[in-house]
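Remarks on the structure that follows.
Proteins get letters first, then strands, A, B, ... in listed order; numbering begins at 1 in each.
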There are 2 protein chains.
Amino acid sequence: MVAQNTDQDSVKLRVGCCTPFIDEPLTESEVTHLAETLSLLAHPIRLRILAILARHAGHVCVCDLEAALPVKQPTVSHHLRLLRDGGLIEGERRGQWIYYAIHREALARVRAMIHTFFDQLGEA
Amino acid sequence: MVAQNTDQDSVKLRVGCCTPFIDEPLTESEVTHLAETLSLLAHPIRLRILAILARHAGHVCVCDLEAALPVKQPTVSHHLRLLRDGGLIEGERRGQWIYYAIHREALARVRAMIHTFFDQLGEA
DNA sequence: CAGATATATTGAAGATTGTCAATATATGAA
DNA sequence: TTCATATATTGACAATCTTCAATATATCTG
């Protein structure tokens, strides 16, 4: 960045670079939370689960998903658990089956958080 | 989902679940690309690099980032490489230093892709 | 109750990721 | 050329992630 050289002594200081800037528009915890949320989204199977649930919310059981996706049942359950733990979907047992649905409010919050991050990038 | 039972014979068919739906509003390659892009964003250090570059685009060298972030220089270079390979940033050598900047068009495309995905979730 | 089906959990194996010390490469200065 | 600095790369290690077979749990049926 800018020289730190004071020109007041003959000691050779670092020139031309690395003046520390006071930065961090983002909180440590904000950035951590955003990264965790993006990680949760960042898997093809989980994206497809969300897309399917969005179109058939409340009417999709695990075996539907297993039939629609190229992974086995334990893997489907695994991804469902991650999404449920992350608050993005909800499951409701009805008889033998558990029907999953998108948690639209949570998803809207995720969308807003990502939106805000890009906005912050923009205001440069 | 809906029973497959035809009621025309006495054979016990699967009832109440797992009628395969013709789904997939998303292409295989679309979903793959989106997941890869989200993975690229989904790291606290990379998010912070992007935030810093957005605010000081074209004036940030690696040592600036090293000073601002809680990781060592090889780790900074590692994340810069991922972001550069992903097309999100660009580096330009000026003398001894390499100054990095956000690739705003690429970032806008990423934003649009994410936006589109959430839109598709919405139209349920 | 026993048998069948739906889903979750466990545990193991392989793949990927993140970090850093050591080293290599590139540039500038003397 | 030799030294110093900036950045990249390599290689190793630990941690995390992904998948699935095997198994457990829950529900329904008879």
Side-chain angles (χ1 to χ4, degrees), chain A residues 1 3-5 10-19 31-32 35-36 38-49 59-86 89-101, chain B residues 1 3-5 10-19 32 35-36 38-49 59-86 89-100:
Chain A
M1 305 292 293
Q4 267 183 327
N5 200 328
S10 58
V11 178
K12 192 174 295 176
L13 298 176
R14 292 197 295 121
V15 170
C17 193
C18 297
T19 303
V31 119
T32 301
E36 285 171 354
L38 291 169
S39 295
L40 184 54
L41 293 178
H43 192 286
I45 296 293
R46 292 195 289 273
L47 290 176
R48 289 169 73 176
I49 289 175
H59 303 285
V60 184
C61 65
V62 178
C63 55
D64 288 327
L65 294 169
E66 187 183 358
L69 297 170
V71 288
K72 301 291 184 183
Q73 177 266 318
T75 304
V76 174
S77 282
H78 170 70
H79 290 295
L80 287 172
R81 173 121 111 108
L82 295 179
L83 291 169
R84 185 160 22 89
D85 289 352
I89 66 174
E90 289 166 323
E92 181 199 350
R93 173 148 238 149
R94 257 179 281 158
Q96 223 166 155
W97 298 281
I98 299 176
Y99 291 92
Y100 280 91
Chain B
M1 306 290 295
Q4 268 182 326
N5 201 328
S10 60
V11 179
K12 192 177 292 175
L13 299 176
R14 290 197 298 120
V15 170
C17 192
C18 296
T19 303
T32 301
E36 284 172 354
L38 290 169
S39 294
L40 185 54
L41 293 178
H43 192 286
I45 296 293
R46 291 195 291 273
L47 290 176
R48 289 169 72 176
I49 289 175
H59 303 284
V60 183
C61 63
V62 179
C63 55
D64 288 326
L65 293 170
E66 185 183 359
L69 298 170
V71 288
K72 301 291 183 182
Q73 176 265 318
T75 304
V76 174
S77 281
H78 170 69
H79 290 295
L80 287 172
R81 173 119 111 110
L82 295 180
L83 291 170
R84 185 162 20 90
D85 289 353
I89 66 174
E90 290 167 324
E92 181 199 351
R93 172 146 239 152
R94 257 179 279 156
Q96 221 165 156
W97 299 280
I98 299 177
Y99 292 91
Y100 281 90

- The side chain of Q96(B) lies closest to which of these nucleotides: dT7(C), dA6(C), dG28(C)? dG28(C)
- Send over the distance from E92(B) CD to dT7(D) P, rounded to a whole Å. 13 Å
- Task: Using whole Å, report how far NE2 of H59(B) lies from P of dA6(D).
- Result: 19 Å
- When rounded to whole Å, the CZ to C1' distance for the pair R81(A) and dT10(C) reads 11 Å
- Pick the nucleotide of DNA chain D nearest each of S39(A) and R93(A); which residue has the one closer to the 5' end? S39(A)
- Query: dT9(D) P sits how many Å from L82(B) CG, rounded?
  - Reply: 11 Å
- Do L38(B) and L47(A) come within less than 4.5 Å of each other through their side chains, counting heavy atoms only? yes
- Message: Just verifying a value: how many Å separate L41(A) CG and E36(A) CD, rounded to the nearest 0.5 Å?
- Response: 12.5 Å
- Query: Taking all non-hydrogen atoms of both residues, which atom of Y99(B) and which atom of C61(B) are closest, and how far apart?
  - Reply: CD2-N, 3.9 Å
Please enumerate all protein N or O atoms sitting under 3.5 Å from an N or O of nucleotides 19-23 of chain C, with distances to 0.1 Å.
residue, atom, partner, partner atom, Å
dT19(C), OP2, H79(B), NE2, 2.6
dC20(C), OP2, K72(B), N, 3.0
dC20(C), OP2, T75(B), OG1, 3.0

- Query: Just how far, in rounded Å, is P of dA6(D) from CG of L80(B)?
  - Reply: 15 Å
- Query: Which is it for L80(A) and I98(A) under the side-chain contact (heavy atoms from CB on, under 4.5 Å) test, yes or no, and what are the steps along the way?
  - Reply: CA-CA 11 Å; L80(A) 287 172; I98(A) 299 176; over 6 Å; no
- Message: Of the listed nucleotides (dT18(D), dT7(D), dT27(C)), which one gets closest to any side-chain atom of C63(B)?
- Response: dT7(D)
- Task: Measure from CD1 on I49(B) to P on dG18(C) and round the result to the nearest Å.
- Result: 12 Å
- The single option from R46(B), R48(B), R84(B) that satisfies side-chain hydrogen bond (donor to acceptor under 3.5 Å, both in side chains) with H79(B) is R46(B)
- Message: Tell me whether the count of non-hydrogen atoms from other residues, nucleotides or ligands lying under 6.0 Å of CZ in R81(B) goes above 12.
- Response: no
- Sugar-phosphate, base or nothing in reach of R94(A), heavy atoms under 4.0 Å: nothing
- Task: In whole angstrom, give the distance that lies between atom OH of Y100(A) and atom P of dA6(C).
- Result: 15 Å
- Message: Checking side-chain polar atoms at under 3.5 Å, does S77(B) have a donor or acceptor matched by the opposite partner on Q73(B)?
- Response: yes
- Message: On DNA chain D, does the nearest nucleotide to R46(A) precede the nearest nucleotide to E66(B) from the 5' side, or the other way round? Give the residue.
- Response: E66(B)
- Could you state the CD-P distance from E36(A) to dG18(C), rounded to the nearest angstrom? 14 Å
